[in-house]
There are 2 protein chains.
Amino acid sequence: MSAPPAHRLLARLRHFTVFSPEERNAINSACGGSALVARQRRDLIREGDRPRGVPLILEGWAFRYKTLEDGRRQIIALHLPGDLCDIHGSILRKMDHSIGALTQVRYVELTRDQIDDLAALGPRVHQALWWDSLTTAAIQREWTVNLGQRDALERLSHLFCELIFRLRAVGMIDGLRCEIPLTQTDLAEATGMTPVHVNRMVQELRSRQLIRWKGREFEALDLDGLCDVAMFNPAYLHLDHEGRHLDALG
Amino acid sequence: MSAPPAHRLLARLRHFTVFSPEERNAINSACGGSALVARQRRDLIREGDRPRGVPLILEGWAFRYKTLEDGRRQIIALHLPGDLCDIHGSILRKMDHSIGALTQVRYVELTRDQIDDLAALGPRVHQALWWDSLTTAAIQREWTVNLGQRDALERLSHLFCELIFRLRAVGMIDGLRCEIPLTQTDLAEATGMTPVHVNRMVQELRSRQLIRWKGREFEALDLDGLCDVAMFNPAYLHLDHEGRHLDALG
DNA sequence: CCTGCTCGTTCACCCATGTTAACGCCAACC
DNA sequence: GGTTGGCGTTAACATGGGTGAACGAGCAGG
């Protein structure tokens with residue numbers, strides 16, 4: 001509760017660079033505005049809206065999605081605590097997709113000026129913000145690969161692997177256990193399959209002793225095995241720091 | 001041949017803002033370095049490389065792709081003349097994917113300093129560069145939707161529609177005719193299907209009198225019809241200027 | 001003129017995944 | 001304590017798209 005507002009964000013950025021205490025303070029105070037709350041399954045921003053500030057997720061999970069005329073819906077991205085949704089998105093005049101709350105979400109909306117002020121703190125912060133949007137783009141590319149080339153079991157495993165690594169980067173995993181507040185229908189919309197087939201694949205991963213999953217409690221029983229099934233290579237997350245993996249940073 | 005180097009880039013940016021002659025000149029001279037050439041089907045940059053400058057495509061088509069361990073390959077994005085590949089990508093330490101030349105490609109590599117100098121010209125140029133990377137990200141999201149939700153015929157039609165709009169934005173279309181230097185195998189790798197099935201879908205579009213395509217010569221015989229099949233909505237390209245469509249700009 | 005290559009085309013077959021529909025569990029609520 | 005609704009689960013069946021293989025057109029090179 002009393003964690004500084006940019007706690008998760010800083011945890012993530014730490015994988016790119018090391019900030020001075022002043023920089024950390026500045027980032028924290030920029031993010032210290034009054035938090036907004038989106039109720040579960042409500043939208044933060046809807047397609048067609050004029051973008052306002054940049055949402056920074058403090059607590060809860062959000063997701064971007066796009067709906068086709070005939071109702072089919074694709075989840076385009078998942079956002080965990082510490083994620084900035086679309087820095088500089090306000091340059092575009094209209095949202096071309098929506099952002100919704102998967103769980104209840106606490107967030108702040110950074111203004112364009114706040115972002116600019118942060119960037120003006122110096123090259124380290126400036127680059128860290130760029131790093132943030134570049135890694136977001138890299139994740140989007142990987143989702144493209146996932147949907148285009150992997151089969152159902154691989155796609156699902158890959159998504160689980162990505163979530164594990166991303167949750168670890170913001171300190172939200174306990175060993176190989178974490179909370180995954182997604183329904184199988186959500187997974188279906190994210191991986192381009194039907195809920196029925198997601199269920200089949202979940203069963204398959206369970207029977208191979210790769211995962212345990214009940215309610216929101218998720219555990220990777222064999223992360224290496226899961227990565228193998230998914231052909232998961234975490235390089236695209238760009239979480240290693242100058243070649244050393246973060247673990248080495250203590 | 002004697003077109004200014006940033007000709008296509010400026011044509012595209014014009015959809016976002018109107019530059020002063022000074023700004024245009026500055027952009028042109030930044031892009032006026034000696035051009036590099038990549039032979040057809042060679043890579044400009046390979047996965048694992050340290051990013052160098054930002055490639056700006058002057059002539060020819062390039063593509064980003066990623067290969068899985070077992071050889072499956074996904075084309076992640078297509079780049080036409082006037083496209084900047086990955087502004088600020090050099091912040092990341094390693095490329096997580098490759099960029100290859102579909103045709104012979106003439107390009108320049110802008111350095112980080114050149115980009116920074118451009119951005120320092122003023123808010124209009126600065127924002128235009130952001131607009132560029134935001135629309136690139138929007139295209140990537142739409143590809144995610146395409147692969148996740150649309151069936152084979154829709155996917156292929158959607159890609160054709162996108163290419164038509166993007167080629168139009170850089171003045172590379174003559175009515176509804178253009179050059180598409182993609183093989184059916186390329187299309188297969190971009191749309192996540194097999195070459196055989198691409199062929200079936202191409203036949204289908206031909207028999208519905210929606211397209212004509214022979215060699216590199218492509219023509220949309222009925223663009224509205226093609227958009228309908230694809231459920232194509234060009235909003236994500238963000239090519240309209242303050243609400244007016246560019247056509248109104250003359 | 002033959003050779004070899006790439007690319008488009010077609011066919012027969014089969015499997016991964018979609019579809020539709022039930023059913024059961026559990027928690028929220030009256 | 002019954003009712004409702006969301007979610008996971010299962011089953012039977014249908015189909016879109018993958019697979020593997022063959023063939024031909026066009027073109028570059030010797």
Side-chain angles (χ1 to χ4, degrees), chain A residues 39-42 68 70-75 100-104 146-160 179-207 211-218 229-230, chain B residues 39-42 61 68 70-75 100-104 146-160 179-207 211-218 229:
Chain A
R39 307 267 301 280
Q40 186 170 27
R41 302 286 163 180
R42 296 296 171 75
L68 300 186
D70 64 358
R72 280 178 278 173
R73 190 164 84 151
Q74 175 69 30
I75 293 182
L102 219 37
T103 62
Q104 172 163 304
N146 210 21
L147 288 165
Q149 295 300 325
R150 284 186 252 256
D151 69 21
L153 191 68
E154 294 165 344
R155 282 209 292 284
L156 192 64
S157 312
H158 193 278
L159 183 53
F160 284 138
E179 271 201 14
I180 296 197
L182 295 164
T183 65
Q184 293 187 356
T185 302
D186 295 328
L187 284 176
E189 293 184 346
T191 54
M193 31 183 161
T194 55
V196 172
H197 203 57
V198 168
N199 187 268
R200 292 193 273 245
M201 298 300 102
V202 168
Q203 306 292 354
E204 176 70 22
L205 292 177
R206 282 189 185 125
S207 77
I211 69 169
R212 186 179 297 158
W213 189 27
K214 173 94 183 162
R216 295 183 158 199
E217 304 300 320
F218 181 94
V229 169
Chain B
R39 307 267 300 280
Q40 188 171 27
R41 304 284 164 182
R42 296 295 171 75
W61 289 32
L68 301 185
D70 64 358
R72 280 176 278 174
R73 189 164 85 151
Q74 175 69 30
I75 293 182
L102 218 37
T103 62
Q104 172 163 303
N146 210 21
L147 289 166
Q149 296 299 324
R150 285 186 251 258
D151 69 23
L153 191 68
E154 294 165 344
R155 282 209 292 285
L156 191 65
S157 312
H158 193 279
L159 183 53
F160 284 139
E179 271 201 15
I180 295 197
L182 295 163
T183 65
Q184 294 187 357
T185 302
D186 295 327
L187 284 176
E189 292 184 348
T191 55
M193 32 182 161
T194 55
V196 172
H197 203 56
V198 168
N199 186 268
R200 293 194 272 244
M201 298 300 103
V202 168
Q203 307 292 354
E204 176 69 22
L205 291 177
R206 282 190 185 124
S207 77
I211 68 169
R212 185 179 299 156
W213 190 27
K214 173 95 184 164
R216 294 183 159 201
E217 303 299 320
F218 181 93
V229 169

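Predicted, not measured: the structure shown is a model, and the values here were computed from it. Just so it is clear: chains get the letters A, B, ... in the order the sequence lines come, proteins before strands, and each one is counted from 1.
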Asker: Once you apply a heavy-atom cut-off of 4.0 Å, does T183(B) come out as touching a base, just sugar-phosphate, or nothing?
Answerer: sugar-phosphate
Asker: Show, in sequence, the C-alpha distance, side-chain angles and deciding distance for T191(A) and M201(A), and conclude whether the side chain to side chain contact (heavy atoms under 4.5 Å, CB included) test is met.
Answerer: CA-CA 12 Å; T191(A) 54; M201(A) 298 300 102; over 6 Å; no
Asker: Take atom CD of Q149(B) and atom P of dT17(C), then tell me their distance rounded to the nearest Å.
Answerer: 15 Å
Asker: For dT10(C) and Q203(B) - does any side-chain N or O of the residue sit under 4.0 Å from the phosphate oxygens OP1/OP2?
Answerer: yes
Asker: Whole Å only: how far is the CD atom of Q184(A) from the C1' atom of dT10(D)?
Answerer: 12 Å
Asker: What does G192(A) touch in the nucleic acid at a heavy-atom separation under 4.0 angstrom: a base, only the sugar-phosphate, or nothing?
Answerer: sugar-phosphate
Asker: For K214(A) and for R155(A), locate the closest nucleotide of DNA chain C by heavy-atom distance; then report the residue assigned to the nucleotide nearer the 5' terminus.
Answerer: R155(A)
Asker: Hey, are the side chains of R206(A) and I211(A) touching, using non-hydrogen atoms and a 4.5 Å cut-off?
Answerer: yes
Asker: Is any side-chain nitrogen or oxygen of N199(A) closer than 4.0 Å to OP1 or OP2 of dG8(D)?
Answerer: no
Asker: Just call it for V202(B): base, sugar-phosphate, or nothing, with non-hydrogen atoms closer than 4.0 Å on any strand.
Answerer: nothing
Asker: Just say parallel, tilted or perpendicular for the rings of F218(A) and F160(A), cut-offs at 30° and 60°.
Answerer: tilted
Asker: Send over the distance from L102(A) CG to dC7(D) C1', rounded to a whole Å.
Answerer: 14 Å
Asker: Measuring from the side chain of H197(A) (C-beta onward, heavy atoms only), which nucleotide among dT10(D), dG18(C), dG18(D) has the closest atom?
Answerer: dG18(C)
Asker: Find the distance E204(B):CD to dT9(C):P and express it as a whole number of Å.
Answerer: 14 Å
Asker: Need one value for R216(B): base, sugar-phosphate or nothing, where a base atom within 4.0 Å counts as base even if backbone is also close, heavy atoms only.
Answerer: nothing
Asker: Rounded to whole Å, please give me the gap between CG in L153(A) and C1' in dC15(C).
Answerer: 15 Å
Asker: Which atom pair, heavy atoms only, marks the closest approach of L147(A) to A190(A)?
Answerer: CD2-O, 4.1 Å
Asker: Quick check: any donor-acceptor pair below 3.5 Å linking the side-chain of R200(B) to the base of dG16(D)?
Answerer: no
Asker: Among dG18(C), dT19(C), dG17(D), find the nucleotide with the atom closest to the side chain of A152(B).
Answerer: dG17(D)
Asker: Taking 4.0 angstrom as the limit, do R41(A) and D186(A) come out as a salt bridge?
Answerer: yes
Asker: Starting at atom CD of E189(B), determine the distance to atom C1' of dG18(D), rounded to an integer number of angstrom.
Answerer: 15 Å
Asker: Contact class for R206(A) (heavy atom, under 4.0 Å): base, sugar-phosphate, or nothing?
Answerer: sugar-phosphate
Asker: Grab the CD1-P distance between I211(A) and dG8(D) for me, whole Å please.
Answerer: 12 Å
Asker: Would you mind reading off the distance between D151(B) atom CG and dT19(C) atom P, rounded to a whole angstrom?
Answerer: 10 Å
Asker: Could you please name the option among dG17(D), dT20(C), dG18(C) that lies closest to any side-chain atom of T194(A)?
Answerer: dG18(C)
